[in-house]
Peer 1: 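Quick one: the structure is below, and I'll ask about it shortly.
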Amino acid sequence: MASKQAKNVRPSSGDERDRRALKPTGPREAGAPRLPPLTLASLATLLLAGLTFLPRIRHEPRLTASVLAAAAVLFVLQLALRLELGRSGRRLRYEFVPMRVHYVQAAMQACIYAYWGWYWREVYDHVPLIAGQLVFAYTLDMLVTWLRRDTWTLGFGPFPIVFSTNLFMWFRDDWFFLQFLMVATGVLGKEFIKWRRDGRPTHIFNPSAFSLFLFSLALILTGRTDITWGPDIAATLGVPPRIYLEVFLVGLVVQLLFSVTLVTLSATAALIVLNLVYTSATGTYHFVMTNIPIAVFLGLHLLVTDPATSPRTTLGKLVFGAMYGAGAFALFGLFQRIGVPTFYDKLLPVPVLNLTVRWLDRLSRALAERWRALEPAAALGPQRLNAVAVAIWAVLFATSTATGFLGRAHPGRDPGFWRRACEERRPNACPTWVSFLELECEQDPDYCNTLGRILAEGRIVATDPLRAAKSFANACDRGVRAGCDDLRQLATTEGPGALKAACAERDDDACFILGEIEAEGAGVTRDPAAALELFRTLCARGWTRGCGRLGESYLSGEGTAADPARAVENFDKGCRGGHAVSCMAAAAVYRRGIGGLENDDLARQRLHRACALGLERACEPGEKPAASAGAPLDRAVEIQRLGG
């Protein structure tokens, strides 16, 4: 839920606590210490710049540059403000107005971050960057306000904007300047894009949803989702156990206090109906492994329930929520069909729906004048109606959870279900089964070989020689001899054309597989010198497995004279880059003294590094590889990602 100005919020009748919470504190008593407005802005800008001393930011040069660039923008705005004040002689001031809608929402969102971060530690690692965005949002808000008028309202408004935005998307470190731009878009959209509603000026769009909408469109059109953590966020939100229950309980607090339950209730009801109709018609599941993905469930609690940008009438709220549920449902199917990452499904409908709220309220009031039953708030009162809606919502959620409609107990999580559905030629079942095989391939190399054969045959899905070659190579690497044979057969029948084309486009996997088959003459003319050049190029590009394979070529004299010193140099380079097998190979050279390089201390160090990277055969008795602890989480994340 995004923020809104204090003057746009009307406290419920009879609720004196709400009136006191919304009332400005007014001038402080004489003699009370108070920072001058421009001093406050300067200190906030310095605080943002000072965050670059934190280890999380200091060790990433581009991230540091992004934070300093954001601080520089604020500094320029301050200069512009000082020049304007010098010309006009205006006197600035600020008032502290803690609005309950803001700090309650921020507290509830913080609960989600705390629980989610316990299972995905990237969230906790991201906290300093969230803090930087908050400082930036506050400072930008105060400066833009003072450039337009004399009084700035200090409250908790930026918290829901920043928290809500980061619950759905944040940019990777190299591109983090776009995160500040996204936050700025939300703040500026709230300030400048307004209309009159019920006789008052108010912002049209939910600020966080507005910025997420614009940046999502840009990422889709440019095909650069890879510069964000968006898919990872959508996937990892579903990893914590009972996450649906937590979101429900957190949302319940907001719904009880601010009467937005009907929006969430109708959005969920629409998704339930659409899922049941889809499954009845196709025999499969629209959202693959769940009926309502957790990120969509979070969206219908946060993105569409802002009282300032959603309808205020009963019928309007019901229609508004239903349209959000239907929009997310339709967009998931569309994006899945055209190859767009499906996590955008819950981000795009909201601003479009925000434009309908005045029309929905007018329609609802017009209909209510004819049929009073269409506006039950007139008979029950807003608080009583909301209590009834909360009770219905609680029953619906409990029923959906108990029946397995929500949560992890879902038939679509079984790969066998999608295999059978594919054999029965049910809609979208075969591509989904292929996706499951890709997932299962990480756990069982036999699945890699099965996947390769499906992709090579082109009977179930379209032929894809490149992906087939990668799947066969994966199986071969992990000891499935049939995978090696199938890779040779594929190279013989299809030729190396697909691999060469992909390698020319800097596909490192394709280059490596091409180097392997050229080194062995597997289905192509043997050319160890050409293979050596491919491995050397991969290593130079930082692809550490290529360094390890280059070391093997130097050690055995493939395509070059044998050179143990250069071999171990490349093994060490691969080891430093995190390739465990390279560490093991370097340890073997040092331990055996090949080429006069015997060094027991270095051998032990490389073995310890290989063990820490998860190569169990490198571990001493009783020592456990640290990397293996993350495997269950990694698999859970992939499962969630497959389900949208």
Side-chain angles (χ1 to χ4, degrees), residues 231 234-239 244 271-272 274-297 328-343 345 400 403-464 466-468 470-472 474-475 478 480 482-483 486 631-632 634-644:
T236 57
L237 277 168
V239 170
Y244 285 92
L271 285 166
I272 289 174
L274 289 169
N275 273 289
L276 291 175
V277 170
Y278 183 90
T279 300
S280 176
T282 65
T284 60
Y285 301 100
H286 183 69
F287 290 109
V288 184
M289 292 185 300
T290 182
N291 289 305
I292 303 179
I294 183 58
V296 174
F297 193 69
F329 186 93
L331 286 174
F332 180 91
L334 173 65
F335 290 159
Q336 190 179 52
R337 182 175 295 274
I338 65 177
V340 170
T342 55
F343 85 96
D345 57 355
S400 300
T403 58
F405 192 88
L406 287 179
R408 295 182 175 180
H410 192 276
R413 299 176 72 88
D414 177 16
F417 169 84
W418 292 100
R419 177 182 58 79
R420 294 188 296 272
C422 177
E423 292 170 351
E424 295 168 5
R425 290 291 187 265
R426 296 190 179 276
N428 204 41
C430 290
T432 302
W433 183 42
V434 169
S435 297
F436 263 106
L437 287 173
E438 290 175 330
L439 174 61
E440 295 298 323
C441 169
E442 298 301 317
Q443 309 301 315
D444 186 339
D446 286 326
Y447 281 107
C448 303
N449 208 51
T450 301
L451 174 63
R453 288 176 177 175
I454 289 173
L455 295 170
E457 290 172 359
R459 184 172 53 86
I460 293 176
V461 293
T463 303
D464 192 334
L466 177 61
R467 288 174 65 198
K470 291 181 179 182
S471 299
F472 289 143
N474 195 343
R478 294 158 65 187
V480 178
D486 288 338
D634 293 341
R635 177 163 170 74
V637 168
E638 290 301 323
I639 288 175
Q640 292 296 330
R641 185 175 288 113
L642 183 58

Peer 1: Within this structure, what is the NE2-CZ distance for the pair H286 and F332, rounded to the nearest 0.5 Å?
Peer 2: 6.0 Å
Peer 1: If we only count heavy atoms from C-beta on, is the Y278 to T284 side-chain gap below 4.5 Å?
Peer 2: yes
Peer 1: Can you give me the closest heavy-atom contact between G412 and F417, atom names plus distance?
Peer 2: CA-CD2, 4.4 Å
Peer 1: Identify the heavy atoms of F436 and P415 that sit nearest to each other, and give their distance.
Peer 2: CD2-CG, 3.8 Å
Peer 1: Is there a side-chain contact (heavy atoms from CB on, under 4.5 Å) between T432 and R426? Walk through the geometry before answering.
Peer 2: CA-CA 11 Å; T432 302; R426 296 190 179 276; over 6 Å; no
Peer 1: Are K470 and C448 packed together at the side-chain level, in the sense that at least one heavy-atom pair is separated by less than 4.5 angstrom?
Peer 2: no
Peer 1: Is any side-chain heavy atom of T290 closer than 4.5 Å to a side-chain heavy atom of F297?
Peer 2: no
Peer 1: For A482 versus R453, what's the shortest heavy-atom pair and its separation?
Peer 2: CB-NH2, 3.9 Å
Peer 1: Less than 4.5 Å apart, any side-chain heavy atom of I454 and any of V434?
Peer 2: yes
Peer 1: Say you draw a straight line from CE of M289 to CZ of R413; how long is it, rounded to the nearest 0.5 Å?
Peer 2: 5.5 Å
Peer 1: Quick one: sort the W418 and Y285 rings into parallel, tilted or perpendicular, breaks at 30° and 60°.
Peer 2: perpendicular
Peer 1: Nearest 0.5 angstrom please: D414 CG to R419 CZ, how far?
Peer 2: 9.0 Å
Peer 1: Looking at side-chain heavy atoms only, is the closest gap between Y447 and E438 below 4.5 Å?
Peer 2: no
Peer 1: I need the T279 OG1 to N275 CG distance, nearest 0.5 Å.
Peer 2: 6.0 Å
Peer 1: What are the two closest heavy atoms between N449 and F472, and how far apart are they?
Peer 2: OD1-CD2, 3.2 Å
Peer 1: Side-chain polar contacts of residues 457-464 - donor-acceptor pairs under 3.5 angstrom, sequence neighbours left out - could you list them?
Peer 2:
{"residue": "D464", "atom": "OD1", "partner": "L466", "partner atom": "N", "Å": "3.4"}
{"residue": "D464", "atom": "OD1", "partner": "R467", "partner atom": "N", "Å": "3.2"}

Peer 1: On a heavy-atom basis, which atom in A468 and which in G452 lie closest, and how many Å separate them?
Peer 2: CB-O, 3.5 Å
Peer 1: For residues L271 and N291, determine if any side-chain heavy atom of one lies less than 4.5 Å from a side-chain heavy atom of the other.
Peer 2: no
Peer 1: Please tell me if the side chains of L237 and F343 come closer than 4.5 Å, counting only heavy atoms from C-beta onward.
Peer 2: no
Peer 1: Report the distance from atom OG1 of T236 to atom CD1 of I294, rounding to the nearest 0.5 Å.
Peer 2: 11.0 Å
Peer 1: Is there a side-chain contact between Q336 and T342 in this structure, where contact means two heavy atoms from C-beta onward sitting under 4.5 Å apart?
Peer 2: yes
Peer 1: About how many Å separate OG of S400 and CD1 of I272, when rounded to the nearest 0.5 Å?
Peer 2: 4.0 Å
Peer 1: What heavy-atom pair brings F335 and P341 nearest, and what distance separates the two atoms?
Peer 2: CD1-O, 4.0 Å
